[in-house]
Each structure stands twice: as C-alpha cells, then as structure tokens.
Amino acid sequence: MRVTRRRGYVPQDIESKWQRIWRDRGVMRADDSSARAKFYNLVMFPYPSGDLHMGHMRNYVIGDLYSRFQRMRNYEVLNPFGWDAFGLPAENAAMKAGLHPETWTRDNVARAKEQLAMMGILYDWSREVTTCDPDYYRWTQWLFLLFYERGLAYRAMAPVNWCPVDQTVLANEQVVNGACWRHPDVPVEKRDLEQWFLRITEYADRLLDDIGLLDHWPERVRVMQANWIGRSHGVEVDFSVVGLDETMRIYTTRPDTLFGVTFMVLAPEHPLLEQVTTPENRSAVRAYVERARRETEIARLSTEGAKTGVPTGGWAINPLTGERLPIWVADYVLMTYGTGAIMAVPGHDQRDFEFARRFGLPVREVIAPPRGRRDGLSEAYTAAGVMVNSGRFDGLEGQAGFDAVADFVEERGYGRRAIRYRLRDWLISRQRYWGCPIPIVHCESCGVVPVPLDELPVLLPKTYRRLSELPEFYETTCSRCGGKARRETDTMDTFIDSSWYFLRYTSAQDQDAPFDPGLANHWMAVDQYTGGIEHAILHLLYSRFFQKVLHDAGLVDAVEPFARLFTQGMVTRGGQVMSKSLGNGVAPDDLVVREGADAGRIYEMFIGPPNEDAEWTDEAVAGPVRFLQKVWRLILDPDTIAATGTGAGAVDLRRKLHQTIRKVTEDYESFRFNTAVAALMELANAMQDYLAGGGERGAEWSEAVGTMIRLLNPMAPHIAEELWERTGGQGLCADAAWPDYDAITAADNEVTLVVQVAGKVRDRLRVPAGLDEPAATELALASEAARRALGNGGRPSRVVYVRDKLINIVP
RNA sequence: GUCGGCGUGGCGGAAUAGGCAGACGCGCCAGACUUAGGAUCUGGUGCCCUCGGGCAUGGGAGUUCGAGUCUCCCCGCCGACACCA
C-alpha cells in the first residue's frame with residue numbers, strides 16, 4: 001500500500017479542495033438516461049430567511065449522507081435543491097430594510113448556498129428551483145388554470161379568516177388555536193370576502209384512503225392527516241318546523257339516539273334562524289347573534305366556558321316520535337360543520353348534556369349501559385349500549401341500532417345516510433405583493449376570464465407595493481372581448497408553490513410544460529423525503545392533493561408523491577430550539593473554522609436518534625474531532641501507534657470489520673445514524689488494538705483501511721476523499737462501491753454464555769458458538785456458581801437454555 | 001378532554017420476536033510521555049457493601065425460569081387535535 005506521510009489531520013487544509021473537486025466534476029449531477037436504478041432523494045426545500053444554523057443543517061446533512069450512501073450502492077440518485085422563495089418574511093424584512101423583497105430573497109439564497117457548500121453538502125444544482133422566478137411561477141399559474149379548467153378552483157364569498165397583522169386572509173390550516181399561525185397572540189378575525197378556493201374536499205376520500213398506501217410514513221403523521229380530514233359516517237334527518245313550510249335538516253352520527261332528542265339547536269349564522277324566531281324572542285335572539293359574531297374565534301371555540309344560548313320560541317317535530325321540540329340558538333353549534341343545526345340528545349352527548357343542565361331542559365335515557373354502570377345523571381353516557389325507550393328499536397345495540405334506524409329513516413323519506421368531513425376547501429387568495437399572481441382578469445362584460453396560456457406568466461410588477469394600488473398592473477383588457485378589465489390582484493398562498501416543486505425538479509429547465517411527463521414518471525415517486533414534522537399536515541397534505549389532481553389530468557402516473565417519509569427532530573441549545581431570534585444558533589461558518597465540516601456532520605448524526613429532538617453541547621463535538629484524528633493517524637501514521645502488548649489478531653480484525661459493514665449498512669438504511677457512528681468508532685478502536693498488539697499491515701489491514709474509508713464517506717466525505725487518495729484509491733471515494741459484508745467472516749465462533757441461577761447472573765463462560773443443550777447444561781452445572789447454589793450432587797428443577805446467549809438454572 | 005410519543009449514570013444516549021442494563025461518546029479521576037499542550041496514550045468511572053453479594057431503567061402491582069422491553073394503575077414531560085354533532 002502506498003501511503004503519503006504528512007503532518008496530522010487539519011480539516012481546513014483539505015475541505016475546500018474536495019468541495020471544489022466535487023463541484024467541478026458534477027458529482028451529484030443526476031443522469032436522466034442512466035441504466036442504473038433510480039433513487040429520488042429529497043429534502044424539504046427551505047424558505048431563505050437568512051443565515052442557516054446547525055439546527056437547519058441537520059436536515060441537509062441527513063439528506064446528503066443518504067444521497068452519498070445510495071450513490072455508492074449503485075443507484076442513480078436525484079438529489080435536487082431549491083428555494084421556497086415567495087412569502088411574507090421577505091416583505092416584512094424588505095419594509096424594514098428598505099429593500100425590494102426580491103433583493104432580500106436573492107441575497108439570502110446566495111448566502112445559504114455558500115453555507116451548504118462549506119458543510120460539504122452536494123446537490124444537482126443544474127435543477128435548482130426558485131419559486132419566485134418567473135420561469136417557475138409561470139407554471140404555478142399554468143397549474144392554477146388547470147385546476148380552474150377542471151372545476152377545482154372557484155371563487156366564492158365566504159366568511160374567511162383574516163389576520164389583522166399580515167393584512168391577509170388565511171387558510172383553515174393556517175389558523176392555530178384561533179390565531180394566525182405566524183402570530184400566536186393575534187386572534188384571527190372573520191370577514192366576508194370573495195376569495196379563491198381549491199376544492200380539496202373533492203379529494204377528501206382519496207386523501208384519506210390512500211394513507212393506507214403510505215406504509216413507509218411515520219405513524220404519527222398518518223394519524224394526524226387522517227384526523228385532519230376527519231371523515232365521519234352519519235345520517236341527515238329533516239325535522240319539520242311547526243308553522244313553517246321549511247324543514248330543519250340536521251346531521252348526526254348517532255341515529256340510534258333519535259328517541260332521546262329533547263331540543264334542537266341552530267348555529268347563530270343559520271339562515272333559518274330569522275324565520276323560526278317568534279316575535280317575542282326576536283330581540284333576545286338578535287342580541288345573542290350579534291354577540292356571537294363579535295366574539296373572537298378563540299373565545300368562541302373555547303371549551304372551557306359555560307355554554308350559552310337563547311330559545312327562539314320556534315318548535316320542530318321529531319319525525320320518529322311526533323314530539324314537539326323547542327328550537328334554541330347556541331354558538332356551540334358551528335355553521336361550518338354538518339348542516340349548522342343539530343338534534344340535541346343530552347342523555348348521550350356531553351355538550352348537549354351541559355347545555356340541558358344549564359337551561360333546565362329534559363334529559364332522557366335511550367341507550368342503557370351494559371351492566372347498569374350508569375352513575376346517576378352527572379354526565380352523558382356516550383359509549384355503546386342497548387337501545388331503550390326507543391319503541392320498535394328497543395334491544396338493538398351498537399352498529400345494528402345505527403343501521404336499523406338509518407334504514408327506517410331512509411324508507412320513510414325522513415332523511416338519508418351521509419358522510420361528512422372536517423376538511424374544508426383550501427382558501428388560496430392572499431392580499432400580498434410577494435407571491436404568485438393569480439392568472440385571472442375580471443372583465444366588465446365577460447366576468448371572470450382566465451389569462452390565456454400563451455400570455456403566461458402574469459409578471460409581478462417591479463415596483464414593490466400592493467398590487468391593488470398599481471394601476472399599470474391591474475388595468476388591462478379582456479382577452480375574450482377586448483373590453484376594459486381588471487386583473488385579479490390577489491396572489492396565491494405560498495403553499496401552492498411548494499405543492500409541486502418536487503415534480504419540477506425532474507425537468508427543471510423545461511420551457512414547454514411545468515414538467516416533462518416522461519421524466520416525471522421516470523423519477524417519481526420521491527423514494528426518500530426528509531424534513532421537519534411541522535409540515536405533517538399543511539405541506540404534505542397539499543402536495544398529495546396536487547399529485548392526485550395531476551394524476552387525474554394524465555400528467556403523472558404515481559398517485560402518491562412521497563413513498564418514504566422521514567421527519568427529523570429539532571436541535572436545541574440551552575434547552576430551546578436553535579433560532580435566530582434567540583441567538584442560540586451555532587453557525588456552520590464558526591464550526592467549520594474550529595472543528596471542520598466533517599466533525600460537525602458526524603456530531604450532528606451522533607447527537608441522538610435523528611427523529612427526536614436533540615440538545616447541542618459545544619464540548620461534545622470533541623468526540624467526533626478525536627475520532628477523525630484517530631482514523632487519520634491509524635491510516636496515515638500507523639508507525640506512531642505504540643505496540644503496548646497483545647491485541648486482537650487478524651481474524652478478530654476481519655470479524656469486527658465485517659460485523660461493522662453489516663451494522664453500518666443496516667443503520668444507514670434505517671436512519672439510525674447515531675449508532676452507525678458508534679459502530680465506526682468501535683471499528684477504529686479495534687484497528688488500534690490490532691496495531692497495538694503488533695498486527696502486521698498486510699492484506700487484512702489494507703482491507704480494513706479501504707473499508708473504513710468507504711463506510712465513513714457518506715458521513716465525513718472530505719476526510720474520506722483525502723484518505724482514499726493518499727492510500728491509492730481509484731477515482732473519487734464518492735464514486736467507490738459500497739463494501740459488502742461476508743456473513744461467515746462476520747460470524748462469532750466463540751460466544752459468552754451467561755450462567756444464571758434462578759434468574760440472577762452468576763457466571764459467564766466462553767463457549768464455542770452453536771453449543772447444543774446437553775453440552776451447555778453439563779458445562780453450566782459444573783460451574784462454581786451452580787455447584788454453590790445446588791450443593792454437592794444436587795439436581796436443578798429446571799434448566800432454560802437460550803443458544804449462544806444464556807443458561808438459567810432453577811434450583 | 002381525546003389521540004400519539006417519551007421518562008435509563010453527572011451529561012448525550014445504547015440495548016425491545018422478553019435473555020449480560022449502561023455500547024459509543026462527553027465530562028470526571030489516576031497514571032505515562034513531554035521542547036508543559038485545550039495534544040496523544042493507558043487504566044478507572046451507576047449506587048451500597050462485611051468482597052460473598054445486595055440494590056438499580058419515573059412510582060406501584062402483575063405475568064414469566066427471566067421484564068428497561070409485555071399487562072394494569074398512578075406521576076411527570078412533550079406534541080397534535082380540540083364544542084366536528
């Protein structure tokens with residue numbers, strides 16, 4: 001083996017050199033026509049908000065590590081990157097600094113690119129995507145028009161969520177606890193506005209059912225998505241209103257409790273409310289509705305306060321019993337779910353129960369608990385039970401009761417089975433400048449007219465100001481009649497931009513289409529998607545929706561965009577998530593200067609399980625630094641390892657080596673990077689033992705050196721390249737083949753057998769692997785511990801033997 | 001409130017088809033080498049102890065030859081959803 005000797009490991013001497021070589025040779029460039037099996041590896045693209053810190057880097061290190069690993073395993077890897085570049089922070093920062101949002105964004109992108117490069121993170125930059133580029137948003141607009149054509153984009157007047165700080169409307173998903181997702185202290189307001197929506201509810205069933213296809217997604221993300229969609233099966237029942245020609249339609253998931261209805265409730269916004277209210281109740285009802293409208297969403301949705309409501313004076317008729325039921329108005333009933341009206345069953349619904357208690361309304365039991373477990377009337381009994389006080393249905397239980405009543409209701413024409421969702425249509429209009437313009441004009445005579453495809457993109461004006469304040473932008477002519485028209489001045493929610501970027505990467509330079517269907521079908525689905533758990537609902541749900549619509553339009557085959565998802569934890573320091581505002585972020589620049597990019601990468605992987613949050617400790621980076629120094633010295637300066645006695649032999653070294661190949665390969669595959677680092681450290685220690693024991697630097701040693709370098713490469717690529725070169729490796733280590741392990745070499749031929757007496761460890765024996773039970777028993781009974789426990793010649797009452805592991809003697 | 005996750009040395013964390021608790025590393029202690037340096041190497045490091053052992057994975061019970069791992073109850077922390085009929 002040819003070894004170039006030099007002074008010790010100085011990462012700064014080698015890192016920028018290899019970064020330049022990788023870039024010049026286009027190492028991470030993906031070949032669309034490669035004969036190798038494809039592997040689409042993707043990290044969630046960032047919003048370029050400024051300097052990156054090591055908390056952000058965790059995501060990119062994982063992605064880079066995995067790309068390099070899969071390349072070595074002979075996959076043709078597509079590992080692209082881009083920028084989710086539209087959005088409010090750019091506008092806010094621009095206002096503060098007096099810059100154009102685009103200038104601010106481009107500067108941040110340039111800075112972040114430098115930081116990624118200095119960490120040795122590689123992408124196929126020829127496919128870089130920036131969502132605020134006209135080359136990109138032209139196709140975002142094109143896709144909007146596709147949705148419009150397919151009836152999936154519509155404009156509607158609706159009560160919408162308005163953030164008073166950002167001066168824009170928000171999607172349902174962007175309202176968190178009744179507050180704006182970006183300002184947790186700012187309650188959203190309700191406004192009635194005409195806005196654009198995407199009909200995601202049309203896909204509710206498929207979005208829910210196809211979660212079943214996502215075998216390789218974390219369970220908690222699948223549960224969160226299923227809960228968000230919130231499908232429920234129930235029955236709609238029409239109750240006639242006394243003295244009116246109208247019916248009051250309600251939705252219930254418990255038709256088996258229909259005999260327990262004792263009153264009815266309308267939401268304050270319900271259109272029927274005016275009509276059912278009697279003159280003597282009018283002023284009270286109006287006052288109540290006024291108050292409910294003024295209340296913030298937070299106060300109204302709070303489950304803590306006592307329920308409020310007033311009687312309307314109106315009456316409804318239970319179609320099953322003919323009973324007269326008083327109609328109330330109360331804000332615990334939501335206009336936005338079901339029909340905005342409910343039948344109240346205080347005996348078996350906790351909310352109705354509380355309301356009934358507060359206002360002295362009757363409570364009736366129609367579901368009997370299994371064994372008289374009912375504790376008086378302190379709460380509603382909501383679990384399953386047997387129907388009672390329900391006429392012909394008495395005695396039915398659970399689903400049988402549901403079905404019998406539902407059938408009866410349908411036969412008599414009182415109502416019908418229905419499915420409801422929690423999911424709402426996606427409100428995408430934003431009253432902001434720095435976003436993708438909605439390609440629509442409003443013509444005085446033709447109404448809403450889509451911008452013709454050959455006129456795309458609708459460019460943002462250079463001037464940074466509200467679009468609705470820029471006459472040269474919004475005054476235009478109608479493409480249909482040539483008459484005066486006004487442009488839509490809202491821009492799209494930035495989550496639209498990020499709902500299809502993974503498709504654009506497959507043909508990022510395409511000038512004729514958002515993406516080339518052939519290339520999209522070649523690369524999709526994304527094989528490995530890595531990002532933060534905070535996107536569990538918004539981004540991942542929207543992207544799934546887009547993928548399905550594009551599938552239906554015949555543009556792409558896959559019905560799900562992301563085959564395997566990994567959500568990594570956040571990095572904390574001083575107990576809090578690293579962030580710019582807290583000033584506790586570790587800058588990659590400082591780390592690279594002090595310890596080197598490789599040590600930083602390894603530490604970030606070693607810090608803990610990647611799916612969990614991890615606390616960054618500055619001193620602990622020393623471990624990975626020392627490890628790399630040790631590897632360097634072992635490989636380039638083995639003469640300096642003192643022979644301090646008997647160490648492991650060549651057979652032991654090879655066994656450890658092949659065990660390590662197996663362990664590291666499995667750990668990389670399953671994202672257990674922390675234990676992969678530990679395994680490599682153990683191998684380095686074993687190599688040191690070998691040399692210290694006077695081991696020769698022959699074929700076994702060379703095998704260990706070449707293998708160690710390649711196992712290390714995905715994690716610490718700079719030092720791996722340098723060592724690879726100096727030990728005479730062919731080509732780049734990045735292009736080298738991943739080592740295979742030999743199961744026979746890796747097998748232990750001698751194992752430690754634990755001897756237990758009554759379940760307590762009493763001895764340990766070195767025995768040949770695969771020892772059979774009689775032989776093991778004989779050995780164990782002869783041991784000192786066994787003789788002491790059993791006395792001379794005593795026989796155990798029982799012996800439990802687990803091959804190669806343990807033998808338990810029960811006296 | 002519902003659902004999900006978690007709780008292991010001074011610290012980060014290993015170990016689950018039930019089988020040696022504490023791998024690997026940080027820190028700490030002792031020693032070696034030394035042109036004294038935040039370098040490197042060697043050994044030690046859960047607690048108690050009468051040196052035979054005893055006790056330890058948030059607390060308590062249970063199943064088992066054997067439990068960090070399985071079951072039940074309780075405590076604590078984190079996250080999601082939260083009046084969805």
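Just so we're on the same page: letters track the sequence lines, and every chain starts at 1. Nothing here was measured: the structure is a model prediction, and the numbers come from that model.
- Ring to ring, A:F671 and A:F673 are close: their centroids are under 6.0 angstrom apart.
- Under the 30°/60° scheme for interplanar angles, the aromatic rings of A:F355 and A:W328 are found to stand perpendicular.
- B:rU69 and B:rA17: their C1' atoms are spaced 12 Å apart (whole Å).
- Residue contacts shown for A:P609 are limited to sugar-phosphate atoms, with no base heavy atom under 4.0 Å away.
- Within the 4.0 angstrom heavy-atom criterion, only backbone atoms of the sugar-phosphate kind lie near A:E682; the bases stay farther away.
- Distance from the side chain of A:W228 is smallest for B:rC81 among the nucleotides B:rC81, B:rA39, B:rC83.
- When rounded to the nearest whole Å, the span between CG of A:L765 and P of B:rC20 equals 15 Å.
- For B:rG5, neither phosphate oxygen OP1 nor OP2 lies less than 4.0 angstrom from any side-chain nitrogen or oxygen of A:R220.
- Residue-level contact check: A:V761 touches the backbone only, with heavy atoms under 4.0 Å from sugar-phosphate atoms and none from bases.
- Note: A:Y414 and A:F239 fail the aromatic proximity criterion, with ring centroids not under 6.0 Å apart.
- Taking atom P on both B:rU2 and B:rC48, the two are 43 Å apart, rounded to the nearest angstrom.
- Of the possible polar contacts, one joining the A:R601 side chain to the A:M715 backbone as a donor-acceptor pair under 3.5 Å is found.
- If you check every strand for non-hydrogen atoms under 4.0 Å, A:N674 touches sugar and phosphate atoms only.
- Taking the six-membered ring where the residue is Trp, the centroids of A:F495 and A:W426 are separated by 6.0 Å or more.
- With B:rC3, B:rC65, B:rA85 as the choices, the nucleotide that has an atom nearest any side-chain atom of A:V333 turns out to be B:rA85.
- For the pair A:Q756 and B:rC20, the criterion of a side-chain N or O lying under 4.0 Å from OP1 or OP2 is not met.
- Closest to the side chain of A:K760, from the set B:rG19, B:rA85, B:rC55, is B:rC55.
- A salt bridge between A:D652 and A:K656 is absent, with no side-chain N of the basic residue lying under 4.0 Å from a carboxylate O of the acidic one.
- The side chain of A:A622 lies closest to B:rC26, out of B:rC26, B:rA39, B:rA85.
- Proximity of A:Y337 to the phosphate of B:rA85: a side-chain N or O atom is located under 4.0 Å from OP1 or OP2.
- For A:R762 and B:rG66, the shortest distance from a side-chain N or O to OP1 or OP2 is not below 4.0 Å.
- Across the P atoms, B:rU16 and B:rG68 are found 14 Å apart, a figure rounded to whole Å.
- Nearest-nucleotide positions on RNA chain B for A:Y603 and A:N227 put A:N227 closer to the 5' end.
- The separation of B:rU35 from B:rC49, taken at their C1' atoms, amounts to 48 Å, rounded to a whole angstrom.
- Counting any heavy atom pair closer than 4.0 Å across all strands shown, A:T252 reaches sugar-phosphate atoms only and no base atom.
- Here A:I607 lies in heavy-atom contact (under 4.0 Å) with sugar-phosphate atoms only.
- The distance from atom CG of A:L423 to atom C1' of B:rC81 is 14 Å, rounded to the nearest whole Å.
- Remark: the separation of the P atoms in B:rG59 and B:rC75 is 15 Å, to the nearest Å.
- For A:K663 and B:rC24, the NZ to C1' distance is 10 Å, given to the nearest whole Å.
- In the set B:rA23, B:rU40, B:rG19, B:rA23 carries the atom at the smallest distance from any side-chain atom of A:A678.
- Nucleotides B:rC26 and B:rG9 place their C1' atoms 13 Å apart, quoted to the nearest Å.
- We find that CD of A:E612 is positioned 11 Å from C1' of B:rG7, with the value rounded to whole Å.
- Nucleotides B:rC81 and B:rU8 place their P atoms 27 Å apart, quoted to the nearest Å.
- Side-chain N/O atoms of A:R764 and base N/O atoms of B:rC20 include a donor-acceptor pair closer than 3.5 Å.
- Between A:Q688 and B:rU42 there is a side-chain N or O to OP1 or OP2 distance below 4.0 Å.
- Between A:R766 and B:rC20 there is no side-chain N or O to OP1 or OP2 distance below 4.0 Å.
- At a cut-off of 3.5 angstrom, counting only N and O atoms as typed in the model, there is no donor on one side facing an acceptor on the other between the side-chain of A:K805 and the base of B:rC20.
- Of the candidate nucleotides B:rU40, B:rG19, B:rG25, B:rU40 has the atom lying nearest to any side-chain atom of A:R633.
- The separation between A:W616 atom CH2 and B:rC26 atom P is 15 Å, rounded to whole Å.
- For B:rG38, the base adopts the anti conformation, since its glycosidic angle falls more than 90 degrees from zero.
- Contact annotation for A:N808: base contact, defined as any heavy-atom pair under 4.0 Å involving a base atom.
- Contact check on A:E615 versus A:R573 returns no salt bridge, with no Lys/Arg side-chain nitrogen under 4.0 Å from an Asp/Glu carboxylate oxygen.
- Using a 4.0 Å cut-off between charged nitrogen and carboxylate oxygen, A:K307 and A:E354 count as a salt-bridge pair.
- A:E236 comes within 4.0 angstrom of nothing in the nucleic acid, heavy atoms only.
- Checking side-chain atoms of A:Y668 against main-chain N and O of A:L711 turns up a donor-acceptor pair under 3.5 Å.
- Note: CZ (A:F627) to P (B:rU40) measures 14 Å, nearest angstrom.
- Put simply, A:K307 has no side-chain N or O that comes within less than 4.0 Å of OP1 or OP2 on B:rA85.
- Rounded to a whole angstrom, the distance from the C1' atom of B:rG27 to that of B:rG22 is 16 Å.
- Within the structure, every pair that satisfies the salt bridge (charged side-chain N to carboxylate O under 4.0 Å, His left out) test and touches residues 250-260 of chain A, not counting sequence neighbours, is listed here: A:R254-A:D256.
- Regarding A:R672, its CZ atom lies at a distance of 17 Å from the P atom of B:rG13, rounded to whole Å.
- In summary, A:E236 and A:R420 engage in a salt bridge, as defined by a charged side-chain N under 4.0 Å from a carboxylate O.
- A:M570 has its CE atom 13 Å from the C1' atom of B:rA80, to the nearest Å.
- Between A:I342 and A:T752, the residue anchored nearer the 5' end of RNA chain B, judged by the nucleotide with its closest heavy atom, is A:T752.
- Backbone-only engagement by A:R626 is indicated by non-hydrogen atom pairs under 4.0 Å involving sugar-phosphate atoms exclusively.
- A stem is defined here as three or more consecutive Watson-Crick or G-U pairs, each with both distances under 3.5 Å; for RNA chain B these stems are B:1-7 with B:75-81, B:10-12 with B:24-26, B:27-32 with B:40-45, B:46-48 with B:53-55, B:58-62 with B:70-74.
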